[in-house]
Amino acid sequence: MVNSVVAKLSDFICETEPNSKGVSAQNLWRMKQFFETYSSDEKLSQMARDICWTNNMIIISQTKSAEEREYYLKLTLREGYSKSELQRQLDSGLYERSMLTHENLSPVVRDLYPQVKNYIKDYYSLEFLGLKSGFNEHSFQKVILENLKQFILEFGKDFLFIEEEYRIQVGNSDYFV
């Protein structure tokens, strides 16, 4: 019954407003889902307004909690994620890996340096490298060079590639790998 009401509403809008786009029954359900997800949380609703519809739908459909939605909304806003980059981060479980890393920080460090969570990342998803157990340094370096773009994306925007050496810049410190 409800499905037919939404379908009839979609048909009515399309007939009375022929230049309207995006009013399919499926999109009307998505609009309802968007409203229900963000209407009671002013902070999240403001962030949601600042990213594209597609990224909002990805976040709504693939996150389990308000905290996780907030994490991906903030990340998308800060990093300017495209649809594919946001999807890659969700598929790799970035939120879960990030939460595991930050649980290990002392409460004092978290209170004194609230931005520290933006600089420390202990868990990386390197499955895309396709390494088998027992690999050596040479095969590791070779497969990284073959998959350099994905490797750099995993380390984030503060990662810098210099010739065949790697430098990781975290805050004001440089680390060479």
Side-chain angles (χ1 to χ4, degrees), residues 6 10 20-39 41-103 115-132 135 139-171 174-175 177:
V6 173
S10 172
S20 294
K21 295 183 181 188
V23 289
S24 67
Q26 184 179 18
N27 276 346
L28 292 177
W29 282 111
R30 288 178 180 148
M31 291 174 202
K32 177 183 178 285
Q33 184 182 22
F34 180 88
F35 174 79
E36 289 172 343
T37 301
Y38 294 127
S39 65
D41 190 328
E42 182 58 36
K43 183 168 76 170
L44 290 185
S45 69
Q46 181 57 49
M47 287 188 279
R49 287 183 211 126
D50 294 335
I51 67 171
C52 71
W53 177 255
T54 301
N55 283 356
N56 269 302
M57 290 297 98
I58 291 170
I59 290 170
I60 289 172
S61 67
Q62 295 183 31
T63 56
K64 300 171 189 77
S65 67
E67 292 81 17
E68 187 177 5
R69 277 188 289 281
E70 181 178 356
Y71 177 85
Y72 285 111
L73 284 167
K74 283 181 177 179
L75 196 61
T76 300
L77 284 168
R78 186 178 72 228
E79 303 295 329
Y81 281 164
S82 65
K83 170 188 167 186
S84 59
E85 181 57 23
L86 174 60
Q87 188 64 58
R88 191 183 82 73
Q89 297 297 353
L90 279 154
D91 290 345
S92 74
L94 181 62
Y95 173 75
E96 291 84 1
R97 291 184 288 130
S98 177
M99 292 303 106
L100 288 172
T101 299
H102 300 134
E103 287 175 3
Q115 295 300 318
V116 73
K117 65 184 177 190
N118 296 330
Y119 299 110
I120 298 176
K121 185 175 175 185
D122 287 339
Y123 296 94
Y124 297 94
S125 177
L126 301 176
E127 288 86 15
F128 64 87
L129 294 176
L131 290 167
K132 306 291 184 224
F135 61 87
S139 61
F140 184 59
Q141 183 180 26
K142 182 180 177 193
V143 75
I144 287 172
L145 290 173
E146 291 169 357
N147 297 281
L148 191 57
K149 181 179 178 183
Q150 292 88 348
F151 186 75
I152 290 173
L153 287 173
E154 180 60 27
F155 279 87
K157 69 179 185 177
D158 291 329
F159 188 85
L160 177 66
F161 175 70
I162 302 174
E163 295 178 15
E164 287 197 17
E165 295 296 319
Y166 298 92
R167 180 177 79 163
I168 301 173
Q169 187 176 34
V170 179
D174 290 330
Y175 299 92
V177 178

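All values below were derived from every heavy atom in this structure, side-chain atoms included, with hydrogens, water molecules and symmetry-related copies excluded. Since we're looking at a predicted model, the values are computed, not measured.
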Can you find a pair of side-chain heavy atoms, one from [X] and one from [Y], that are under 4.5 Å apart?
| X | Y | result |
| --- | --- | --- |
| Met57 | Phe34 | yes |
| Tyr71 | Thr63 | no |
| Glu68 | Tyr72 | yes |
| Tyr81 | Arg88 | no |
| Thr37 | Ile59 | no |
| Glu67 | Tyr95 | yes |
| Leu86 | Glu79 | no |
| Gln62 | Gln87 | yes |

Starting at [atom1] of [X], measure out to [atom2] of [Y] and round the result to the nearest 0.5 Å.
| X | Y | atom1 | atom2 | answer |
| --- | --- | --- | --- | --- |
| Arg69 | Asp41 | CZ | CG | 8.5 Å |
| Leu44 | Leu73 | CG | CG | 6.0 Å |
| Leu28 | Lys32 | CG | NZ | 11.5 Å |
| Ser61 | Gln33 | OG | CD | 7.0 Å |
| Leu90 | Glu85 | CG | CD | 10.0 Å |
| Met47 | Asn56 | CE | CG | 10.5 Å |

Legend entry - Donor-acceptor contact below 3.5 Å, side chain Ser10 vs main chain Val23: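 Yes, because the side chain of Ser10 sits within donor-acceptor range (under 3.5 Å) of the backbone of Val23.
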Legend entry - Under 3.5 Å side-chain donor-acceptor pair for Glu42 and Gln46: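 Looking only at side-chain atoms, Gln46 and Glu42 do not form any donor-acceptor pair under 3.5 Å.
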